[in-house]
Visitor: 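Let me give you the structure first, and then I'll get to my questions.
Only this structure's heavy atoms are used, side chains among them; waters, hydrogens and symmetry mates stay out. Lettering of chains follows the sequences in order, A, B, ..., and the numbering in each one begins at 1.
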Protein chains: 2
Amino acid sequence: MSWKNNTSITLDRFDISILDILMKDNMTPQRQIAEAVNLSAAAVQRRIKKMTLASVIHSNIAIVNPIMVGLPITLIVEIELVDVRNDVIEEAKTRLLNMPVVQQCYYVTGQADFFLILHVATMADYENFSRNLFFTDPNVKKIRTSVAIDSVKVGHTLAIK
Amino acid sequence: MSWKNNTSITLDRFDISILDILMKDNMTPQRQIAEAVNLSAAAVQRRIKKMTLASVIHSNIAIVNPIMVGLPITLIVEIELVDVRNDVIEEAKTRLLNMPVVQQCYYVTGQADFFLILHVATMADYENFSRNLFFTDPNVKKIRTSVAIDSVKVGHTLAIK
DNA sequence: ACTCATATGAAACAAAATTGCATTATACCC
DNA sequence: GGGTATAATGCAATTTTGTTTCATATGAGT
């Protein structure tokens with residue numbers, strides 16, 4: 001992912017109202033959105049198109065319940081590296097990015113270098129992952145794992161403005 | 001959120017293929033999905049409906065680029081509590097859940113008790129948040145903050161099966 | 001006042017989702 | 001095997017939704 005600001009665009013209150021709706025449910029008919037924000041359906045549609053082109057709207061997706069698809073375990077993993085030279089970091093990023101169990105990956109300041117959020121079927125799967133991490137990368141100094149007992153909130157509704 | 005397993009449902013290869021597509025782009029026309037998985041559009045539509053009712057599909061949403069809406073700072077926050085009695089935890093969950101800056105919140109095992117992911121406009125906003133946290137809750141022992149330099153991956157595509 | 005650029009609503013149009021219906025496949029029971 | 005119930009399917013009609021067209025309105029700059 002790696003959020004980028006490609007385009008310049010200013011959002012007015014209409015745009016924000018539209019986004020507020022779409023961030024909760026993008027299957028809402030444009031006519032219904034139009035009614036909610038006091039615009040015509042055509043205007044709503046143009047604004048959505050514009051925001052999509054400007055990559056304000058990054059994508060439109062279905063959120064799947066991990067428990068219902070056999071991935072009941074959520075893990076938060078902190079990774080500390082030995083060497084933090086730029087090229088080494090970039091290499092690590094690429095590798096983590098391409099691991100399917102890695103749902104989210106943040107490169108951060110602070111004690112740790114990376115934060116990961118994983119979804120796995122079993123603890124054995126996690127063991128495979130972490131073992132693989134250590135084996136393939138001698139640069140991994142330390143990893144610290146937390147098991148999520150409760151995913152209290154997994155939101156995608158940004159509080160705009 | 002707090003993922004739940006309400007219903008029992010078994011997913012076959014068709015369902016998983018459909019999910020794989022919808023997790024990437026839920027605006028994909030059913031006809032196109034149908035073609036990709038070798039079913040009729042009607043069949044695809046019924047399967048999607050079924051999975052939605054069974055809450056395999058939790059929701060359908062637009063993913064908004066936080067940078068483009070003035071929330072360029074991503075933070076990872078670990079919270080450690082003094083008292084971890086059940087009712088205290090539940091209270092903390094409720095409060096965190098209702099904070100708009102809190103995008104994700106996990107109650108975890110390990111050193112920390114909670115992991116949060118926040119999106120804020122400025123560091124001042126974060127200061128407000130953390131100050132508010134300490135003031136309103138004497139049960140917060142310690143918080144540790146990491147600033148995301150790069151959101152390497154913010155995925156929602158689960159690796160099913 | 002004129003022009004350019006931009007945004008709008010209403011309506012026509014195109015495309016998509018949804019439903020009804022007949023058919024097929026599978027499992028289970030006598 | 002014959003019968004029956006259940007569930008899933010494709011096709012086609014229908015309905016809903018998204019998209020485009022067009023005429024009009026607004027505002028900034030000249």
Side-chain angles (χ1 to χ4, degrees), chain A residues 5-65 67-70 156-158 160-161, chain B residues 5-65 67-70 156-158 160-161:
Chain A
N5 188 343
N6 304 310
T7 331
S8 109
I9 182 176
T10 45
L11 306 175
D12 60 18
R13 64 191 187 81
F14 288 116
D15 293 316
I16 292 172
S17 300
I18 292 168
L19 286 179
D20 282 340
I21 293 170
L22 294 180
M23 284 191 294
K24 294 200 190 86
D25 181 8
N26 74 350
M27 307 284 258
T28 313
Q30 294 177 348
R31 286 169 167 81
Q32 195 176 318
I33 299 172
E35 196 179 3
V37 304
N38 280 317
L39 278 176
S40 69
V44 168
Q45 126 104 343
R46 290 179 199 116
R47 282 163 178 271
I48 292 175
K49 190 177 190 176
K50 196 186 217 175
M51 291 193 284
T52 303
L53 286 174
S55 69
V56 171
I57 296 173
H58 171 267
S59 57
N60 287 280
I61 66 170
I63 298 293
V64 170
N65 181 338
I67 291 180
M68 295 297 284
V69 295
H156 304 91
T157 311
L158 299 170
I160 303 174
K161 272 217 151 177
Chain B
N5 188 340
N6 305 309
T7 330
S8 107
I9 182 175
T10 44
L11 306 176
D12 59 19
R13 65 189 185 83
F14 288 114
D15 292 315
I16 292 173
S17 300
I18 292 169
L19 286 180
D20 283 340
I21 293 169
L22 294 180
M23 285 190 293
K24 294 200 190 87
D25 181 7
N26 74 351
M27 306 283 260
T28 313
Q30 293 177 349
R31 290 166 204 213
Q32 196 175 318
I33 300 172
E35 196 180 2
V37 303
N38 280 318
L39 278 177
S40 69
V44 168
Q45 123 104 348
R46 290 179 197 118
R47 281 164 178 271
I48 292 174
K49 189 177 190 178
K50 196 189 217 173
M51 289 192 284
T52 303
L53 286 174
S55 69
V56 171
I57 296 174
H58 170 268
S59 56
N60 287 280
I61 66 171
I63 299 293
V64 170
N65 181 340
I67 289 180
M68 296 296 285
V69 294
H156 304 92
T157 310
L158 299 169
I160 303 175
K161 270 216 149 179

Visitor: Could you list the protein-to-nucleotides 23-29 of chain D atom pairs, N/O on both sides, closer than 3.5 Å?
Guide:
none

Visitor: Polar atoms only, N or O, under 3.5 Å: list the protein pairs with nucleotides 16-26 of chain C and their distances.
Guide:
unit_1: C/dA16; atom_1: N7; unit_2: B/R31; atom_2: NH2; d: 3.0
unit_1: C/dA17; atom_1: OP1; unit_2: B/Q30; atom_2: N; d: 3.4
unit_1: C/dA17; atom_1: OP2; unit_2: B/Q30; atom_2: N; d: 3.0
unit_1: C/dT18; atom_1: OP2; unit_2: B/Q45; atom_2: OE1; d: 2.4
unit_1: C/dG20; atom_1: O6; unit_2: B/R46; atom_2: NH2; d: 2.9

Visitor: According to side-chain hydrogen bond (donor to acceptor under 3.5 Å, both in side chains), who are the partners of B/D20, at least two apart in sequence or on a separate chain?
Guide: none
Visitor: Rounded to whole Å, please give me the gap between CG in B/D12 and C1' in D/dA8.
Guide: 10 Å
Visitor: If I take atom CZ in residue B/R47 and atom C1' in nucleotide D/dA7, what distance separates them, rounded to the nearest angstrom?
Guide: 11 Å
Visitor: Round to the nearest Å and state the distance from A/I48 atom CD1 to C/dT8 atom C1'.
Guide: 16 Å
Visitor: Less than 4.5 Å apart, any side-chain heavy atom of A/V64 and any of B/L22?
Guide: no
Visitor: With sequence neighbours excluded, what pairs up with A/S55 under the side-chain hydrogen bond (donor to acceptor under 3.5 Å, both in side chains) test?
Guide: A/N6
Visitor: So do A/L11 and B/M68 actually touch side chain to side chain, heavy atoms under 4.5 Å?
Guide: no
Visitor: In whole angstrom, give the distance that lies between atom CD of A/E35 and atom P of D/dG18.
Guide: 14 Å
Visitor: What residues form a side-chain hydrogen bond (donor to acceptor under 3.5 Å, both in side chains) with B/D15, not counting sequence neighbours?
Guide: B/R47
Visitor: Could you state the NZ-C1' distance from B/K50 to D/dA8, rounded to the nearest angstrom?
Guide: 8 Å
Visitor: With ring pair (Phe, Tyr, Trp, His ring centres under 6.0 Å) as the rule and sequence neighbours excluded, what pairs involving residues 19-58 of chain A come up?
Guide: A/W3-A/H58
Visitor: Do B/I21 and B/Q32 have side chains that get closer than 4.5 Å, going by heavy atoms?
Guide: no
Visitor: Could you give the CD1-to-P distance, from A/I33 to D/dT19, as a whole number of Å?
Guide: 11 Å
Visitor: Do B/M23 and B/I160 have side chains that get closer than 4.5 Å, going by heavy atoms?
Guide: yes
